[in-house]
Amino acid sequence: MQDRYVGDIGDFVKYGLLRAIRGGRSLGVAWYLHPNDGPVGDGRHTAYLRNSHEWRHLDPDLFEALRELVPDRRSVANIQESGILGDAVFAADRLAVNDINIRDRECWRQQWFDRTRSQIGQCDLVFADPDNGLFPDARFDPRRRESTKRIPLFEAMGLADGRAAVIYHHNARHMGDHANEIRCWKYHLPYGTMAYYWRRLSNRTFFIINPDNYIRRRLHEFMDKWGDRGVLV
């Protein structure tokens, strides 16, 4: 996650999804907050906020809250203060490694993750929001800057241990297509993991690990309401 992404179409669907499936659970959010960085134009998909006829009815309160933040108040801090995720617990320590010596980055990342997991340790539903999503353990190297934008499989499994977890994944180039990419990740995630693939404007997938019957039912209701903008894979 980066501050400059706040309020884009990806924000609208992810908060809408969390609000729909949460129920009475205590929600913990691991932002995986990265300093603003990347190609010019990232986070630009905010035109939906000017098309209330198509989008507002899906979650009116959320729509209006995000419209208040775009374009001049785009930050994770303002999301936290907005109340759109109720009394959620937020782990917002930044994944900024530029000033960390390369030799120390592996230890620094482990300490960051331990601290993040502790901050949301009492929550029974967690959401992880890394920029680029899931990444194979064998190729994950916390000494490299690009790793700060990723969540290795072992961290995702650690966050999901004993509870439901929603993991954000930004779909990328993959042999075959995004459906194959999603199925590949589901193979490595626990049996029963659900994958909600968002296919409007900017493709992304939300992996729901350890869903119970309530979450499954609410996810299907969410899909019915939000229509063909997304699909289960």
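These values consider heavy atoms only, across backbone and side chains, with no hydrogens, waters or symmetry-generated copies.
Between R109 and E106, no side-chain nitrogen of the basic residue sits less than 4.0 Å from a carboxylate oxygen of the acidic one, so the salt-bridge criterion is not met. The existence of a salt bridge linking R150 and E146 is excluded, since no basic side-chain nitrogen approaches an acidic carboxylate oxygen closer than 4.0 Å. Taking a cutoff of 4.0 Å between a charged side-chain nitrogen and a carboxylate oxygen, R73 and E81 do not qualify as a salt bridge. Salt bridge D87/R22: present, at least one basic N to carboxylate O contact under 4.0 Å. Taking a cutoff of 4.0 Å between a charged side-chain nitrogen and a carboxylate oxygen, R56 and E64 qualify as a salt bridge.
Geometrically, R94 does not engage W112 in a cation-pi contact defined by less than 6.0 Å to the ring centre and at most 45° from the axis.
With D141 as the fixed residue, the side-chain hydrogen bond (donor to acceptor under 3.5 Å, both in side chains) test singles out one of R139, R143, R144: R143. When F206, W198, Y15, Y196 are each tested for a ring-ring contact (aromatic ring centres under 6.0 Å, His included) with F222, only one passes: Y196. Of the listed residues (D131, T148, D3), just one forms a side-chain contact (heavy atoms from CB on, under 4.5 Å) with L33, and that residue is D3.
Here the closest heavy-atom approach between residue P130 and residue I151 is recorded as CG-CG2, 3.3 Å. Minimum interatomic distance between T46 and R74 (heavy atoms only, all atoms of both residues): CG2-NH2, 3.7 Å.
Ring planes of W185 and H188: perpendicular class, angle over 60° (limits at 30 and 60°).
Remark: side-chain polar atoms of R200 are not paired, donor with acceptor, to backbone N or O of G230 under 3.5 angstrom.
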